[in-house]
Amino acid sequence: MNGLSDKTLQQLILLQGVNPDRVRPYLEGCTQRELAKGDILLSPEQENRHLYLILSGTFSVHVESQASPQIRVIVAGESVGELSLIRRQRPSAWVVALEESRVVQLDAEAFWGLVDCSGQVARNLFELMARWLLENTDHLVENRRTIETLAEQNTRDALTGVHNRRWFEDAVAKMVAETNDGGRPGVLVMVDVDHFKRFNDTYGHQGGDMALITLGKVMRDHVRKGDEVARYGGEEFVLLFPGTRLGDALPVVERVRQAAQHREIQLVQTGEVAHITISQGMAQTWPGVTVKELLAQADAQLYKAKESGRNRVCWETPQEQ
C-alpha cells in the first residue's frame, strides 16, 4: 500500500475518523487496480471476493444489465462490494467505470480485519449501508409511482380523460359478479351523442373531439362519488353505478343529460359555440345475469331512447332481486 498518504486514507469514507497507523497493517499487500472507461468492476455473472475502495473516478450501477438505466453513481471516497462480500453471494448489480478510475482491492481477511480493529470502521460501514438502503428505498418508491402512473394511463382514454374500454370491461365484470355472488345490484348506462355524424360534418373532426372532451367532463362533474365514467368507443360512453339500484341512479343520469344539453362547447378553431344532446339506456343487474345480457339490455334501451326522439333516458323495469 505504498503511495497512499494519510490524507488519501482519511478521504475514504470507510476509514474516516480512524488513525491511519491502525489500518495500514490490514492494507499492506492490497492491490491497486486501474480501470478504463467501460470496464466492469462487479457483475452478477461473476463471484466477488473483494471490497473496493474508490480512490479516483466514478462508477455507475445497473440492475438488469449493464445497458439498463443506471440507478446510482459511486464516486471517489466511497466503496463497493461490501454486501456481496459479507453475504458470500454474487453481486446483485453491474458496477461499470464511467471514466478512468483507480481502486484499492481488499480481500475478505483484510476487510474483516479493518472492521475488527476499529469500532469507527464498523460505524462508518453501518452508515454507508444505511445510506444505500435509503437510496434504494427511494428508488423503489419512485419506480412504484412510475408504474402506478403508467397503469393509470393504460386505463384512461387519451382524448377525454375518462376510463377507457379496457377498464370498463373489467369493471362491469366485477359489478356483475358482485350481484351473482349475492351482493347488491348495479346499474349500467349506455350513452350516445345524438346526431354525432351531423355534428362532425358541420364542425369538423376537431369540433367533434371538443364535443367528446366536453361531454366527458360534464359526466365526471355530475356523477356521484363512486360512480364511474368510461368511453366505450367513438361517440359512445358508459356510466357504471356499482351497488346502486336503478331508481337511485336515475336522478343522476337525468342530471347528466340536462347538463350535457346546456353545456356550451367552445370551438377554438372557429370561435363558435355549439351544443349537443345525448340519449341514454339503463339496465340493472339481476341474479344470474351475464355481462353480455346486461350490455344487450342497456343497448336496447339506448335504441329505444333514440327511436322515441333522442335527448332522453329509457330503462326497463328491473327484474326481481
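Clustering ILVMFWY residues whenever any of their side-chain heavy atoms sit less than 4.5 angstrom apart, transitively, puts L51 in the very cluster that holds V104. When the side chains of ILVMFWY residues are joined at heavy-atom separations under 4.5 Å, either directly or via intervening members, I278 and I213 end up in a single hydrophobic cluster. Taking hydrophobic clusters as Ile, Leu, Val, Met, Phe, Trp and Tyr residues chained together by side-chain heavy-atom distances below 4.5 Å, V291 shares a cluster with L294.
A side-chain donor from one of R224 and T244 sits under 3.5 Å from a side-chain acceptor of the other. Between Q10 and D6, the side chains place no donor N or O within less than 3.5 Å of an acceptor N or O (distance only, hydrogens not considered). Residues T277 and D194 bring a donor and an acceptor atom of their side chains to less than 3.5 Å of each other. Counting only N and O atoms by type, the side chains of E99 and T58 include a donor and acceptor under 3.5 Å apart. Under the 3.5 Å distance criterion, with hydrogens and angles disregarded, no donor-acceptor pair is assigned to the side chains of E264 and H275.
Within a 6.0 Å sphere centred on NZ of K306, heavy atoms belonging to other residues, nucleotides or ligands number more than 12. For Q206, the CD atom sits in a loose shell: 12 or fewer heavy atoms of surrounding residues, nucleotides or ligands are nearer than 6.0 Å. Within a 6.0 Å radius of OH in Y303, other residues, nucleotides and ligands contribute 12 heavy atoms or fewer.
Taking the side chain to side chain donor-acceptor pair (under 3.5 Å) definition, one finds that K197 meets it with D201, sequence neighbours left out. With sequence neighbours left out, E235 forms a side chain to side chain donor-acceptor pair (under 3.5 Å) with no residue at all. Applying the side chain to side chain donor-acceptor pair (under 3.5 Å) test to E236 and every residue at least two apart in sequence or in another chain returns nothing. Take E47 and apply the salt bridge (Lys or Arg N to Asp or Glu O under 4.0 Å) test, not counting sequence neighbours, and it matches R90.
Using modelled atom types, no side-chain atom of N200 and backbone atom of G207 make a donor-acceptor pair closer than 3.5 Å. Judged by distance alone, the side chain of N48 and the main-chain N or O of Q89 form no donor-acceptor pair under 3.5 Å. Counting only distance, with no hydrogens or angles, the side chain of R231 and the backbone of G234 share a donor-acceptor pair below 3.5 Å. Side chain of H163 to backbone of V229: no donor-acceptor contact under 3.5 angstrom is found. Side-chain N or O atoms of Q301 include one that pairs as donor or acceptor with a backbone N or O of W315 at under 3.5 Å. Side-chain atoms of N164 do not come within 3.5 Å of backbone N or O of D157 as any donor-acceptor pair.
The list of salt bridge (charged side-chain N to carboxylate O under 4.0 Å, His left out) pairs with a residue in residues 272-300, not counting sequence neighbours, is empty. Legend: salt bridge (charged side-chain N to carboxylate O under 4.0 Å, His left out) pairs involving residues 248-259, not counting sequence neighbours, sorted by first then second residue: E254-R257.
Considering all non-hydrogen atoms of both residues, V63 and W94 come closest at O-CZ3, 3.3 Å. In this structure, G226 and P242 approach most closely via the heavy-atom pair O-CD, 3.7 Å. Taking both residues in full, the closest heavy atoms of T8 and L55 are given as CG2-CD2, 4.1 Å, listed atom of the first, atom of the second, then distance. When all heavy atoms of T179 and P287 are compared, the closest pair comes out as CG2-N, 3.9 Å.
Between H50 and Y52, the ring planes are tilted. Angles from 30° to 60° get that label. Using bins of under 30°, 30° to 60° and over 60° for the plane-to-plane angle, the ring pair F199/Y203 lands in the tilted bin.
How far CD1 of I265 is from OG1 of T214: 5.0 Å, rounded to the nearest 0.5 Å.
Side-chain atoms of L15 and N124, non-hydrogen and from C-beta on, never get closer than 4.5 Å to each other.
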